[in-house]
There are 2 protein chains.
Amino acid sequence: MKSLGHHILVEMYGCDPSVLNNIELIETEMKNAAVEANATVVDSSFHMFSPYGVSGVVVIAESHLAIHTWPEYGYAAVDLFTCGDDVDPWIAYRYLEKIFKAQYASTVEMKRGQMDAVVKGKEMRKNEIKELIGEVVQ
Amino acid sequence: MKSLGHHILVEMYGCDPSVLNNIELIETEMKNAAVEANATVVDSSFHMFSPYGVSGVVVIAESHLAIHTWPEYGYAAVDLFTCGDDVDPWIAYRYLEKIFKAQYASTVEMKRGQMDAVVKGKEMRKNEIKELIGEVVQ
């Protein structure tokens, strides 16, 4: 079924804890993963927490990549959300898996904005959409 | 089953398109939703796309809230990812549902970092974790 976006939710277990606590490396590699997947990086925001752990997001023109790490557990939660047919979030996944040296990982892929539901919602708002943008996209 | 975080993936259909195209309002209300849910806002990054659509992320001390909007479809994809027992992502959900005036919405809640898998991964890395942080968290 066609959808506006693809979102991979990744759990990485048994990662290298020193990588998970290295904010510079994580920010660089999350941006690299976006570029590898053919995404356009718009902005990024990364933060180091006390006593350990990194959170960060790369906003891309095609949605976002996000990460939260728990070095004390060797665990990272990674989100790879991309839109359109030109960007492949699985390329970003395979890239990052190597960086974090996960002993094992699990992934769930969710389709975001399934087109049948999107079209129904658009129909309910078509007059307001036309008023806002001068047309109703088919 | 215990987990480190809770992540609600929200699809909002038939939203008010003028709200979905208002970057200032969306940034303000995404931050308000974080505060309502008892989260601590660390940073935010919001962007307006041409010809329409807004993407943005609020990094919170307890993970992140993210949104991507398609005003031309009346659709928004919202992620509400929180960690710990003090923050309730469902409060953020109920707050935002009213703001975007969705005609209908669907939600999926995912547990992120299930503790049994986290503990197994930690065990595999316990020597490196001890070296990094001087202890192994129980």
Side-chain angles (χ1 to χ4, degrees), chain A residues 4-5 7 9 11-18 21 42-47 49 51-52 55-57 59-61 63-64 66 68 70-77 79 81 83 102-104 106 108 110 112-114 117-126 128-129 131-133 135-137, chain B residues 4-5 7 9 11-18 21 42-47 49 51-52 55-57 59-61 63-64 66 68 70-77 79 81 83 102-104 106 108 110 112-114 117-126 128-129 131-133 135-137:
Chain A
L4 291 173
H7 186 164
L9 295 95
E11 320 293 306
M12 290 192 186
Y13 301 104
C15 299
D16 183 334
S18 66
N21 211 37
V42 173
D43 194 14
S44 65
S45 175
F46 282 76
H47 300 272
F49 291 99
Y52 23 72
S55 276
V57 181
V59 179
I60 55 178
S63 295
H64 72 266
H68 305 284
W70 281 256
E72 71 274 32
Y73 290 125
Y75 167 73
D79 287 89
F81 183 175
C83 298
Q103 295 293 310
Y104 57 109
S106 73
V108 174
M110 305 284 290
R112 305 296 301 265
Q114 296 202 353
V118 166
V119 167
K120 279 185 205 165
K122 184 186 74 172
E123 198 58 29
M124 290 173 173
R125 294 285 193 177
K126 65 181 177 187
E128 293 153 281
I129 291 170
E131 197 176 322
L132 181 73
I133 67 176
E135 59 177 338
V136 177
V137 178
Chain B
L4 290 172
H7 186 165
L9 295 95
E11 319 294 306
M12 290 192 187
Y13 301 105
C15 300
D16 183 334
S18 66
N21 212 36
V42 173
D43 195 14
S44 65
S45 174
F46 282 77
H47 300 272
F49 291 98
Y52 23 73
S55 277
V57 181
V59 179
I60 55 178
S63 296
H64 73 266
H68 305 285
W70 281 257
E72 71 274 32
Y73 290 126
Y75 167 71
D79 287 89
F81 183 175
C83 297
Q103 296 292 310
Y104 57 108
S106 73
V108 174
M110 305 283 289
R112 305 297 300 265
Q114 296 202 354
V118 167
V119 167
K120 278 186 206 164
K122 184 186 75 172
E123 197 58 29
M124 291 173 173
R125 293 285 193 177
K126 65 181 178 186
E128 293 153 282
I129 291 170
E131 197 177 321
L132 181 73
I133 67 177
E135 59 178 338
V136 177
V137 178

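Everything numeric here is computed off the predicted structure, so don't read it as measured data. Every chain is numbered from 1, with letters handed out A, B, ... down the list of sequences. In what follows, every heavy atom counts, from backbone to side chain, and hydrogens, waters and symmetry copies are set aside.
Of the two parts of B:F81, only the side chain, counted from C-beta on, holds a non-hydrogen atom closer than 4.5 Å to a non-hydrogen atom of chain A. Neither the backbone nor the side chain of A:K126 has a heavy atom closer than 4.5 Å to any heavy atom of chain B. At a 4.5 Å heavy-atom cutoff, the contact between A:A61 and chain B is made by backbone and side-chain atoms alike. Looking at A:V119, neither its backbone nor its side chain comes within 4.5 Å of chain B, counting heavy atoms on both sides. Interface residue A:V118: backbone and side-chain heavy atoms are both found under 4.5 Å from chain B. Residue A:C15 touches chain B through its backbone alone, counting heavy-atom pairs closer than 4.5 Å. Within the 4.5 angstrom heavy-atom criterion, only side-chain atoms of A:M110, from C-beta onward, approach chain B. A:H64 touches chain B through backbone and side chain together, each having a heavy atom under 4.5 Å away. When heavy atoms are compared at a cutoff of 4.5 Å, A:L9 approaches chain B by way of both its backbone and its side chain.
Listed options A:A76, A:P51, A:A77 were ranked by heavy-atom pairs under 4.5 angstrom with chain B; first place goes to A:A77. Highest contact tally toward chain A, considering only B:S55, B:S63, B:S45, is held by B:S63 [criterion: heavy-atom pairs under 4.5 Å]. When B:E131, B:M12, B:Q103 are compared by the number of non-hydrogen pairs under 4.5 Å with chain A, B:Q103 comes out ahead.
In this structure, OG in A:S18 is found 10.5 Å from CD1 in B:I129, a value given to the nearest 0.5 Å.
Annotation for B:L132 and A:P71: closest pair CD2-CB, 4.0 Å, computed over non-hydrogen atoms. Of all heavy-atom pairs spanning B:P17 and A:R125, the tightest one is CD-CD, 4.1 Å. Across A:Y104 and B:A117, no two heavy atoms sit closer than the pair OH-O, 2.7 Å.
Panel note: side chain B:Y75, backbone A:G113; a donor-acceptor pair is recorded below 3.5 Å.
Within the 4.5 Å cutoff, no side-chain heavy atoms of B:H68 are placed close to those of A:L4.
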